[in-house]
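These notes are about the structure you will find just below.
Note that this is a predicted model, so its numbers are computed, not measured. Side chains are part of it too, since the values below use all heavy atoms of this structure and drop only hydrogens, waters and symmetry mates.
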Amino acid sequence: MVSTPAPRVRPMGERAFLLEVGTLDDVLPLHAALAAARPEGVVDLVPAARTVLVHVDPRLLPLASARAWALAAAADTEPGGGSAGPLVELDIAYDGADLDGTALLLGIGADELVRRHSAAEWHVAFTGFAPGFGYLVSDDWPFDVPRLDSPRTRVPAGAVGLAGVFAGAYPRDTPGGWRLIGTTTAPLFDPDAASPALLAPGTRVRFRPMARAGGGGASPGASGRVSPAAAEARGPGIRILEPGLLATLQDLGREGAASVGVAVSGALDRAALRTANRLLGNPEGAAVIEVTMGGLRAVAETDLWVAVTGAWGPVRIAGLEADPYAAHPWPAGAELHLDWFSHGARAYVAVRGGLDGRTALGSRATDLLAGLGPAALRAGAVVGVRDDARTPIPVAPPAAWGAPHDDELELELAPGPRAEWFAPEALTTLYDAVWTVSNHADRVGARLDGPELARVRTGELPSEGMVPGALQVPPSGRPTILLADGPVTGGYPVIAVVTAAGLDLVAQARPGTRIRFRHARPPV
């Protein structure tokens, strides 16, 4: 047996690493070999253009053991293996707005472009950008198609496009810069299905020309439908009067779906969510309301117990002050009011039994970027309450809780995979500078203002797997910390990765918060 060259291992923080191979053709065999021998403790395997991201739960599998396993599995990889996946035929109407212009760019007629595109057998190399968006490649496709100079603000669900050597179909309405050549009505992504992505890595794809796409390309699966049963609340709960700046339902997220383009999502301050649930006797991952910057007003429709953790600000129940980090009765008809926060950015409102909402891939977390899970809460929304409490409400000792530190944070950084893309002085600058959280901070990421991190390598990095905490550095030289709703693959180099404990601190950072970085202890 002829084996492929050993991949290079690149660190990706304290819980993940990249296996880098020579070409895109090497990725699928490597991904298949890893998936076939996957041990307990490997959370996800995410193929990309030149790498496979291995995401590990270190409580179950030490990172060093995971690296040894991955290299051993890679040594048994056969060239060309893993590419004969299931065949999916997509009906397509070649009616895209860019069809004629793309053909002109390629120096062929539109009919010839359609013939070449539909005659090729494609396969899904990797996913990313959006849940269920597969990057398709083909040995039968010789063209390299430039992206649009100015991306569209909206590409409709079902649109089929070309960019570089790739073809792809958009599972939902989203911005995009690919050149659109057609439309499909295929259900590309269904979060309620056992296999949610129609075009998962390794799948073979053929496009089957149709006279027309029949109504604009949107389909129940492509729009992320949920079953009626999954969308129903269990019973009386709480009614939202005012959501404040942003209020969403969150739990511990949906790990393990990054390979089909789904971010982990979930609470940004996971420690605060766990604490709120422990105070009420709930499972640690029960769903709660994440409130950004305050302003929430809600009424209990039945007698409840409630706890508020995370950001610091006045909390009132029926007009009376209530301590944070403590369980309180919340009588039916009484109003809970979280005033605007004086410290921190996100508070967590938990009720005994846990909150209910529609599930997507086993989680009730709201992912606004991907459109998964419940919608953001609006005035008049009713959130059901579950009956999932496991233990009595604990008799808590005097607590040492205090307001989050949001003036200046010190965050630990674990190694990233692309430090060599940067000048030596950039690493010094990263740790010596005082960075400031900009106004461009949300659940996707927090952009930092500060000095430029100079690069020694230019150009675009082939897309590779990302993790929450990745410090991506775009051409501006100012880093962005990716957070729970961030993309699962990206094309900017990652210089370092914020540790899991540090991410809870970032969740409470407000615009203007100063950040200093220091080296984390090496993972074991």
Side-chain angles (χ1 to χ4, degrees), residues 191-192 226-241 243 247-256 264-267 269-291 296-310 315-318 322-338 346-367 372-396 399:
D192 294 325
V226 295
S227 66
E232 293 175 357
R234 279 200 172 184
I238 61 178
R239 179 165 44 89
I240 305 298
L241 301 180
T248 59
L249 208 65
Q250 300 294 343
D251 52 22
L252 289 178
R254 43 184 70 89
E255 283 189 332
V264 62
S265 197
D269 188 342
R270 295 161 70 91
L273 176 141
R274 288 187 170 106
T275 300
N277 280 318
R278 286 200 298 267
L279 289 168
L280 295 167
N282 290 340
E284 285 192 347
V288 306
I289 297 175
E290 181 181 88
V291 182
L296 177 78
R297 294 175 57 235
V299 171
E301 294 190 329
T302 187
D303 289 343
L304 299 170
W305 282 82
V306 65
V308 180
T309 61
V315 178
R316 300 181 183 89
I317 301 174
D323 291 333
Y325 285 90
H328 300 280
W330 185 5
E335 180 183 307
L336 170 73
H337 181 205
L338 272 62
R346 293 173 177 87
Y348 295 85
V349 178
V351 300
R352 180 165 170 80
L355 294 175
D356 205 4
R358 88 184 182 204
T359 60
L361 301 180
S363 169
R364 295 180 173 84
T366 300
D367 183 339
L372 293 178
L377 297 178
R378 300 285 185 261
V382 175
V383 183
V385 175
R386 299 178 62 82
D387 187 22
D388 293 341
R390 292 180 177 174
T391 63
I393 294 175
V395 179

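- Note that CZ of R278 and CD1 of I393 are 15.0 Å apart. Values are rounded to the nearest 0.5 Å.
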Carefully, step by step, assess R390 and N282 under the rule side chain to side chain contact (heavy atoms under 4.5 Å, CB included).
CA-CA 6 Å; R390 292 180 177 174; N282 290 340; over 6 Å; no
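- For the atom pair L279 CG and R352 CZ, the distance stands at 12.0 Å (nearest 0.5 Å).
- Side-chain contact between V385 and V351: present, with at least one pair of heavy atoms (C-beta onward) separated by less than 4.5 Å.
- By the 4.5 Å heavy-atom criterion applied to side chains, V291 and T248 are not counted as neighbours.
- Under a 3.5 Å cut-off, the side chain of D388 and the backbone N or O of A286 do not form any donor-acceptor pair.
- Rounded to the nearest 0.5 Å, atoms OG1 (T275) and CG (L273) are 8.5 Å apart.
- Counting all heavy atoms, side chain and backbone alike, Q250 lies closest to A365 at OE1-CB, 3.4 Å.
- Without hydrogens or angle criteria, D323 side chain to A326 main chain gives no donor-acceptor distance under 3.5 Å.
- Side-chain atoms of R270 and L252, non-hydrogen and from C-beta on, do get closer than 4.5 Å to each other.
- Side-chain N or O atoms of R386 include none that pairs as donor or acceptor with a backbone N or O of G353 at under 3.5 Å.
- Contact of the V308 side chain with the Y348 side chain is not registered, since no non-hydrogen atoms from C-beta on lie closer than 4.5 Å.
- S265 places a side-chain N or O within 3.5 Å of a backbone atom of T366 that can act as its donor or acceptor partner.
- The CZ atom of R364 lies 14.5 Å from the CG atom of L372; values are rounded to the nearest 0.5 Å.
- In terms of heavy-atom proximity, A332 sits nearest to D303 at N-OD1, 2.8 Å.
- Using modelled atom types, no side-chain atom of R254 and backbone atom of L361 make a donor-acceptor pair closer than 3.5 Å.
- Counting heavy atoms from C-beta outward, L377 and I289 have side chains that approach closer than 4.5 Å.
- Listed by chain and number, the residues in a side chain to side chain donor-acceptor pair (under 3.5 Å) with T309 amount to none (sequence neighbours excluded).
- Taking 4.5 Å as the limit, some side-chain heavy atom of I238 sits within range of a side-chain heavy atom of L304.
- A distance-only check finds no donor-acceptor pair linking the side chain of E290 to the backbone of R346 [under 3.5 Å].
- Contact record, P331 with A300: O-CB, 3.6 Å, taken as the closest heavy-atom pair.
- At least one donor-acceptor pair under 3.5 Å links the side chain of Y325 to the backbone N or O of G310.
- To the nearest 0.5 Å, atom CG of residue L338 and atom CG of residue L296 are 5.5 Å apart.
- Of the possible donor and acceptor atoms, none in the side chain of D356 sits under 3.5 Å from a partner among the backbone N and O of G384.
- Counting all heavy atoms, side chain and backbone alike, L249 lies closest to A287 at CG-CB, 4.2 Å.
- Of all heavy-atom pairs spanning P394 and G281, the tightest one is CD-N, 4.2 Å.
- Residues D251 and S363 approach most closely at OD1-OG, 2.7 Å, considering heavy atoms.
- In this structure, CD1 on I317 lies 12.5 Å from NE2 on H337, to the nearest 0.5 angstrom.
- The side chain to side chain donor-acceptor pair (under 3.5 Å) check on E335 picks up R297, with sequence neighbours excluded.
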